[in-house]
Each structure stands twice: as structure tokens, then as C-alpha cells.
Amino acid sequence: MGPVALALALLLQPGAPQRVCLTWSGDPATTATVTWRTDGDLGDQKAEFALASADPRFRGSAQTVGALNTRVELDTKASAWYHRATLTNLKPETIYAYRVGDGKAWSEWFQFKTASPEFKPFEFVYFGDAQNEIKSMWSRVVRQAHRDAPYAAFMLHAGDLVNTNDSDKEWGEWFEAGGWLHSQIPVVATPGNHEYGKAADGKRLTPLWTPQFAFPANGPAGLEGSCYYVDFQGCRVVSLNSNEKVEEQAVWLDRVLAENPNRWTFVTFHHPVYSTAVGRDNPKVRGQWQPIFQEHKVDLVLQGHDHTYGRRNVPTGANVRDGAGVVYVVSVAGPKMYRLGETALNDMKRVAEYTQLYQVVKVEYDKLRFESRTATGELYDAFELRRRPNGGNDLEEIKPEVPQRIDPKGASDEKDGG
């Protein structure tokens, strides 16, 4: 066997872990959860982890934790096994290395750093819909985002990660486009309408969601893993599921925000409060959730769905000059594009058409910097929120590097409802 054939055989060895994904299902300061899959029932799967060191002998002190295994039927009529292992009793603010496998076929060693139990500055990346031509076109966006935020604490996805909820091929493209980044930078994601498929009672979340993403089960009953919150270094990050049970989530959301001890609050979901695309509106989401955002002075609301870009802030007090209020953002990371609606053109501070984007959010104790950048790295939109001593924020605009992108001759790609 030649060297190329040998290398390929090793790469494709039976039982080799695929689609390794790092998430949080518990406290980010002391735990981490990893998921992966294999193409067959190949015995006991497990994770090994240890304090990372420049000395390669760190492997000698690795601990082992067994995996929970779930068999999932794929749209190809084949099946795959998905595995989940939670690493516990970790030290805060510490770099760990881990690998997964069955004892014979292992992944490489990945590294991550646990969170601080208290506030500490950090940055994260936010993506709108990847959805279409994921490997071909979203790959350049996620990789450019990594160049601009190489130490991002997590990557947040506002729904429609894929176009077809159960497509094993498309999910494979999503994992391949992000590659090892998914294994070292925790994923925080909320489901979009394209993560849903038809069911006898109307619609259902793809059965691949929970095996792939081990998110906290602290949401309302029936929405565990799609409606949840994570507390990370003095910030509460809330995922809402805008596809179903909107009213039930409003009750939960009000409690979660009322009991929030953190300094900053970010909320993500798919269907925007203020739609940016032609012919779009989500009055139920706006009516049920926006009053709660305003009452509890949420800092950022990060959304997708409309395949355009728009940013708007809504004051939180009776006085229209009451600082920045809540900042609502809609963005798109993939190549599928729509036209801007008149409401967006009239009411948004900054908008874009036909522009693949990613956002870098830099969080400090009294200041937050938001940057929206194009797929080629240009600063397209930016602002700073500065915390007032008595609560609330002031917003300072930052001059972008490029003119506003509105295509007078563009035609919408909309064919399937977003």
C-alpha cells in the first residue's frame, strides 16, 4: 500500500470520530460537553481529558469519561451513532486538552479554556443564517471571523444553520466548513425554521439537533436544548425558539431575566422582532417578547431569517432619549439574499443587501463594542454601548469603512419562506 493510500485508509478507518462539537450543558467555568458521531455501533465510546501542557506527557494524567450513545436514522436510509460526554470538576480559567474515540480510533487532541466564575472581558462571534451552499460559501465567512476573533469565547448561530432540517449532507457541510473550530470554540445555537420539518401534528425539530448540540436543559418543558440560557463570565446568553410555543416561552423568559444576576444580557432567536426583508413581519414574536426585553433592559437581541442586515435600537424608558435602549440586529452569513423592506430602509440605523457578514462582540465591564464585518473583513457597521452608573447604556456610533450596501437592481432569492 502506497503512502497516499495508507493515509486515506487511516483517515477513513472504521469508527473514526466525526463532527466533533464542543458545547456547554452546565457551568462553563467547571464543565464542558462534547458530542461526536461514528458510522456504526463500534463499542464503548469515551472522552479523555487532561490539563493541557507544553509537555506532551500531559496524556499520562488524562481522565476518562464514558459517552452516552444515541442511534439516529438518517435521511439517506442509513444510520449513525451520536455520542455525548460531559467533562466535569474542571478548574476555572484553565486550558484543557481532550480527545474522543473508542480506545483504538481516536480524534486528535483538542484544546479549550474554561470560563471565569466572575466577570472577565471576552469576545464572541455571531452569525446569521448559513443555510445554503454551506461548504462552498459559508466556509469563507466562519474562517474570516476566526482571523478577526481568534480567541472568541464562543460562536453564536441565530438559526437556519442548514437548509433542510434532516439532510445529513448539509449538516456534514456545516461541520466541515467550520472544521476544528467547532471542536475548540463552544457552539451556542438557536433553531431556525429550516431546522424544522413536517410532522403529523404540524412540524418538529430535526432529530439531529439534540444529538449534535448538548445545550442546557433549563428551558420550558418540551423545548429543552432549543430554549435555554447560559451564564458566561458575568453575561447571560438566552436562546429562544421562535418556531413554536412563543407564549409559553414569554413566561419563562420573564422569570429568567427577572432573576438574572449578570452584568450584560444577550438574547438570540431566529425570527426578528423588526423584520428587514420585503413582506416580512413577526407580530406574535414582537407582541409576546419585546415588552419583556424592554422591561428588563436586554442589551443585544441577535436574530436571523431575513437574509439582509439591519440594526435598530429602541429606548427602554418613557423618554425617547433614554439612552441606547435595546439594540436589535438581523444578519446573514450565507449566500442566500433577500431585498430590504421599506420599514428597514426607513427605521434602521444601518442596513445591507447582498452582503455576507459576521459579527464580533467585545465585552468589557462598562463597555461593549459591536462590529459587523463583511466576508472580506471590512468593517461594515459598528457601535459601542457604554454602561451608565445608574443602569442603562449610551450608544456611540463608530464610522464604518465602506458605504451602505443597497443594490438598486437586485432581485430577491426568496423561494422557500426563509
Side-chain angles (χ1 to χ4, degrees), residues 126-129 156 158-159 190 192 238 240 242 253 257 264-333 337-355 357-361 368-374 379-388 392-400 402-406 418:
Y126 144 52
F127 299 101
D129 306 29
L156 183 150
T190 193
V238 181
L240 295 171
S242 58
L253 175 67
L257 295 183
W264 296 93
T265 306
F266 314 129
V267 179
T268 185
F269 50 92
H270 188 60
H271 300 82
V273 168
Y274 295 104
S275 291
T276 51
V278 171
R280 294 254 170 149
D281 193 19
N282 303 296
K284 189 172 184 179
V285 167
R286 185 166 56 253
Q288 289 288 328
W289 294 349
Q290 189 188 26
I292 302 172
F293 301 151
Q294 300 296 131
E295 177 185 354
H296 295 289
K297 297 184 178 180
V298 169
D299 298 296
L300 294 177
V301 176
L302 309 175
Q303 308 145 107
H305 189 58
D306 282 353
H307 298 266
T308 46
Y309 180 82
R311 191 248 302 176
R312 177 178 180 177
N313 66 293
V314 181
T316 55
N319 186 338
V320 294
R321 296 183 180 180
D322 186 23
V326 182
V327 181
Y328 296 86
V329 183
V330 178
S331 191
V332 57
M337 298 291 164
Y338 294 168
R339 299 309 310 269
L340 287 162
E342 287 298 320
T343 301
L345 291 167
N346 293 333
D347 297 340
M348 298 284 182
K349 181 65 179 179
R350 182 78 162 163
V351 295
E353 292 177 320
Y354 294 89
T355 307
L357 297 155
Y358 61 90
Q359 288 68 223
V360 179
V361 183
L368 178 152
R369 181 181 175 96
F370 181 99
E371 297 180 354
S372 185
R373 292 185 173 272
T374 69
L379 183 65
Y380 186 77
D381 185 29
F383 61 87
E384 286 187 353
L385 295 180
R386 297 184 178 179
R387 183 71 92 222
R388 294 172 168 180
N393 302 318
D394 289 319
L395 189 152
E396 179 179 337
E397 297 285 348
I398 297 172
K399 186 177 180 180
V402 292
Q404 189 155 258
R405 293 174 57 87
I406 301 175

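When reading the values below, keep in mind they use all heavy atoms of this one structure, side chains included, and skip hydrogens, waters and symmetry mates. Predicted model only: the values in this text are computed from it and were never measured.
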Closest heavy-atom pair and its distance - G304, P272: O-CG, 3.2 Å

Close side-chain approach of L395 to F370, heavy-atom, < 4.5 Å: no

Straight-line distance of R339 CZ to R280 CZ, nearest 0.5 Å: 14.5 Å

From NE2 (H271) to CG (D306), nearest 0.5 Å: 9.0 Å

D394 side-chain N/O to R386 backbone N/O, donor-acceptor pair under 3.5 Å: no

Sole residue of V267, T265, L368, V326 in side-chain contact (heavy atoms from CB on, under 4.5 Å) with L300: L368

Heavy-atom side-chain proximity of F269 to V285 below 4.5 angstrom: yes

Rounded distance (nearest 0.5 Å) linking atom CG of D347 with atom OG1 of T276: 12.0 Å

Residues R286, D281: salt bridge by 4.0 Å N-O rule: yes

Side chain to side chain contact (heavy atoms under 4.5 Å, CB included) between W289 and L240, intermediate numbers included: CA-CA 10 Å; W289 294 349; L240 295 171; 3.6 Å; yes

Side chain to side chain, F293 and V314, heavy atoms closer than 4.5 Å: no

Closest non-hydrogen atom pair between D299 and R387, with its separation: OD1-NH1, 3.0 Å

Close side-chain approach of M337 to E353, heavy-atom, < 4.5 Å: no

Any Q359 side-chain heavy atom under 4.5 Å of L302 side chain: no

Pair Y309-R405, side chain to side chain contact (heavy atoms under 4.5 Å, CB included): steps then yes or no: CA-CA 10 Å; Y309 180 82; R405 293 174 57 87; over 6 Å; no

Gap separating the OG atom of S331 from the CG atom of D129, nearest 0.5 angstrom: 9.0 Å

Spatial distance of atom CD (E295) from atom CD (Q290) [nearest 0.5 Å]: 12.5 Å

Smallest separation among heavy atoms of V278 and L340, with atom names: CG2-O, 3.3 Å

Main-chain N/O of G418 paired with Y338 side-chain donor or acceptor, under 3.5 Å: yes

Pairwise side-chain contact, V351 with T308, heavy-atom cut-off 4.5 Å (strictly under): no

R312 side, atom CZ; M348 side, atom CE - distance, nearest 0.5 Å: 6.5 Å

Over all atoms of both residues, closest heavy-atom pair of E384 and I398: CG-CD1, 3.7 Å

Closest contact, heavy atoms only, A333 versus G128: CB-O, 3.6 Å

Nearest heavy atoms of A158 and Q303, plus distance in Å: CB-C, 3.7 Å

Non-hydrogen side-chain atoms of F383 and N313 separated by less than 4.5 Å: no

Note, H305 side chain near V330 side chain (heavy atom, < 4.5 Å): no

Evaluation steps, side chain to side chain contact (heavy atoms under 4.5 Å, CB included), between L345 and I406: CA-CA 10 Å; L345 291 167; I406 301 175; 3.8 Å; yes

